Amino acid sequence: AQQGRVREKVYGKQKIYFADQEQLPAASDAELRGLDGEISARSAQLQALQQSCRHMEAELKDLSSSMTTPEIAREIEALRKDCASYTEKLERIKSATNHVTPEEKEKVCREQQLYRREWRRRKRMATELLDAILEGYPKSKKQFFEEVGIETDEEHGAVLPATM
């Protein structure tokens, strides 16, 4: 800095040193335009290379996520085995002699609906009866059920079947 090759600027407690640009030769307008053109060309080249890189990365991702030829062969073989087993199962079902007729199915559906309705009705009656008893009972509902020996549907995981 004392010899004049480097300049010094003081910002509070900090000092910044930089090259003295007055000692550098001044560039002509033609040189500056040439450098600007070179910067533009290099920027365009950089953009093209970045685009190509993104394209190649996307292609690599697609290729790495796709199956290889041996994997595809194994998958095809497994699917053929599944298809054969399903075809065999379908043939067994078709050749079975114990098909359910629509009349039998309708009869079973009606019976199921009747039993479900009866289950709901009896459960409601029992619940109402137990609630009436529990109004005057000094202990909790759980203790009452244990003393009397009542087992609920919920304890056994029984649920009312859905309609068909």
Side-chain angles (χ1 to χ4, degrees), residues 1-121 123-124 127 141-142 151-164:
Q2 290 175 352
Q3 294 174 1
R5 290 189 224 151
V6 178
R7 297 194 71 181
E8 171 185 35
K9 282 200 177 186
V10 178
Y11 295 104
K13 295 181 181 179
Q14 297 179 348
K15 292 182 181 181
I16 298 176
Y17 295 94
F18 56 93
D20 186 11
Q21 294 184 5
E22 291 176 8
Q23 296 178 3
L24 298 175
S28 67
D29 287 339
E31 288 177 317
L32 289 176
R33 282 192 295 274
L35 289 173
D36 285 343
E38 188 177 334
I39 288 172
S40 298
R42 299 264 172 129
S43 295
Q45 184 182 10
L46 174 66
Q47 290 294 329
L49 288 173
Q50 286 177 335
Q51 180 67 26
S52 175
C53 183
R54 283 192 292 272
H55 177 67
M56 288 181 185
E57 285 175 346
E59 188 176 345
L60 174 65
K61 182 180 175 187
D62 287 345
L63 290 174
S64 63
S65 66
S66 64
M67 298 174 86
T68 63
T69 304
E71 289 173 337
I72 289 175
R74 284 192 297 271
E75 184 72 19
I76 289 172
E77 187 61 34
L79 290 173
R80 284 187 178 145
K81 287 179 182 177
D82 288 347
C83 186
S85 69
Y86 290 141
T87 304
E88 181 182 321
K89 186 176 180 180
L90 179 62
E91 290 302 319
R92 279 196 319 256
I93 291 172
K94 283 182 178 180
S95 66
T97 57
N98 59 352
H99 291 294
V100 177
T101 63
E103 295 81 23
E104 290 173 331
K105 181 179 177 186
E106 183 63 34
K107 179 183 173 193
V108 169
C109 288
R110 278 194 312 271
E111 286 178 1
Q112 193 245 4
Q113 190 175 13
L114 173 74
Y115 295 140
R116 189 179 63 250
R117 193 170 34 242
E118 191 64 24
W119 182 357
R120 189 178 297 125
R121 187 178 68 81
K123 183 172 182 171
R124 185 178 57 247
T127 304
K141 182 177 183 179
K142 186 176 182 180
E151 296 176 351
T152 63
D153 294 340
E154 290 77 19
E155 288 176 3
H156 293 283
V159 291
L160 199 63
T163 60
M164 287 185 167

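No experiment lies behind these values; they were computed from the predicted model shown. Residue numbers start at 1 and run along the sequence shown.
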For [X] and [Y], which heavy atoms make the closest approach, and how far apart are they?
X   : Y   : result
S66 : L63 : OG-O, 2.9 Å
M67 : E71 : CA-OE1, 3.3 Å
D62 : S65 : O-OG, 3.0 Å

So how far is it from [X] [atom1] to [Y] [atom2], rounded to the nearest 0.5 Å?
X    : Y    : atom1 : atom2 : answer
I72  : E77  : CD1   : CD    : 14.5 Å
D29  : D36  : CG    : CG    : 10.5 Å
S40  : R33  : OG    : CZ    : 13.5 Å
Q112 : W119 : CD    : CH2   : 10.0 Å
I76  : C83  : CD1   : SG    : 13.0 Å
I93  : S95  : CD1   : OG    : 9.0 Å

Closer than 4.0 angstrom, basic N to acidic O: yes or no for [X] and [Y]?
X    : Y    : answer
R42  : E38  : yes
R92  : E88  : yes
K123 : E154 : yes

| message | Could you work out, with side chain to side chain donor-acceptor pair (under 3.5 Å) as the rule, every residue matching E118, not counting sequence neighbours? | response |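 Listed in chain order: R121, R122.
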| Any donor and acceptor pair, going by atom type alone, linking the side chain of Q14 with main-chain N or O of Y11 inside 3.5 Å? |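 Flag not set: sc Q14 to bb Y11 has no pair under 3.5 Å.
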| Residue M56 excluded, over 12 heavy atoms near CE under 6.0 Å |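 It does not: M56 CE has 12 such atoms or fewer within range.
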| message | Check this for me: H55, atom NE2, are more than 12 non-hydrogen atoms of other residues, nucleotides or ligands nearer than 6.0 Å? | response |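 Result for NE2/H55: open.
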| task | Start with the C-alpha gap between Q47 and Q51, add the side-chain angles, then the distance that decides, and say whether side chain to side chain contact (heavy atoms under 4.5 Å, CB included) holds. | result | CA-CA 6 Å; Q47 290 294 329; Q51 180 67 26; over 6 Å; no
| Working for side chain to side chain contact (heavy atoms under 4.5 Å, CB included), residues S85 and K89 | CA-CA 6 Å; S85 69; K89 186 176 180 180; over 6 Å; no
| side chain to side chain contact (heavy atoms under 4.5 Å, CB included) evaluation trace for K9 with F18 | CA-CA 8 Å; K9 282 200 177 186; F18 56 93; 3.7 Å; yes
| request: Please check if any side-chain donor atom of R54 sits under 3.5 Å from a side-chain acceptor atom of Q50, or the reverse. | output: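 Per modelled atom types, R54 and Q50 side chains form no pair under 3.5 Å.
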